[in-house]
Amino acid sequence: MSITQTPLLTAAIEAQRQAYAPYSTKLIGASVLWADGHITSGCNIENASYGATVCAERVAIWKGISENHLRQIKEILVVSPANPPWPPCGVCRQVISEFAHPQTLIHWSDGLSVINTKTLIEMLPETFNSQFLK
Ligand code: ZN
């Protein structure tokens with residue numbers, strides 16, 4: 001693991017313990033390293049309606065946006081109890097893209113180590129972004 005991955009993994013695991021997942025029973029944690037050096041984290045929060053459920057990655061991102069960490073993601077990590085561990089879903093990839101560069105690193109982990117790392121552009125090629133809204 002790189003020097004930035006260890007605190008990201010620690011933060012994601014701590015957040016994972018707070019997950020509210022009575023329906024899926026899958027406890028997920030995520031952490032974001034922001035351009036100002038701060039790390040925010042989040043857990044999945046499910047809802048009986050299912051549609052109102054939110055992923056750990058988005059909780060971590062929204063926390064960072066609301067805390068004003070320059071709105072620039074340097075790296076993001078998600079930890080899941082699955083084998084193989086889960087990468088961010090498509091909705092989360094889109095949300096990541098709003099606040100990241102194409103080369104931003106996305107890591108996913110089984111809780112012991114980082115199992116895979118890819119860039120945003122690898123995970124979400126042909127990204128829909130603000131350029132299309134002009
Ligand atoms: Zn997601």
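Counting convention: from 1, in listed order, for ligands and their atoms alike.
- Remark: Thr117 engages His107 in a side-chain hydrogen bond (donor to acceptor under 3.5 Å, both in side chains) (not counting sequence neighbours).
- In this structure, Ile106 shares a hydrophobic cluster with Tyr20, Tyr23, Ile28, Val32, Trp34, Ile45, Tyr50, Val54, Val59, Ile61, Trp62, Ile65, Ile73, Ile76, Val78, Trp86, Val95, Ile96, Phe99, Trp108, Leu120, Met123, Leu124, the cluster being traced through Ile, Leu, Val, Met, Phe, Trp and Tyr side chains under 4.5 angstrom apart.
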Determine, step by step, whether Ser80 and Lys26 satisfy the side chain to side chain contact (heavy atoms under 4.5 Å, CB included) criterion, reporting the C-alpha distance in whole Å, the side-chain angles of both residues, the deciding distance to 0.1 Å, and the verdict. CA-CA 7 Å; Ser80 63; Lys26 301 297 185 190; over 6 Å; no
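- By the criterion of a separation under 2.8 Å, the protein N/O/S atoms near the Zn ion (ligand 1) amount to Cys55 SG, Cys89 SG, Cys92 SG.
- Under the 3.5 Å distance criterion, the side-chain polar atoms of Glu122 are matched with a main-chain donor or acceptor of Thr119.
- The ring-ring contact (aromatic ring centres under 6.0 Å, His included) search around His38 returns His69, not counting sequence neighbours.
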Asn44 vs Thr53, side chain to side chain contact (heavy atoms under 4.5 Å, CB included): CA-CA, chis, key distance, verdict: CA-CA 8 Å; Asn44 55 326; Thr53 293; 5.6 Å; no
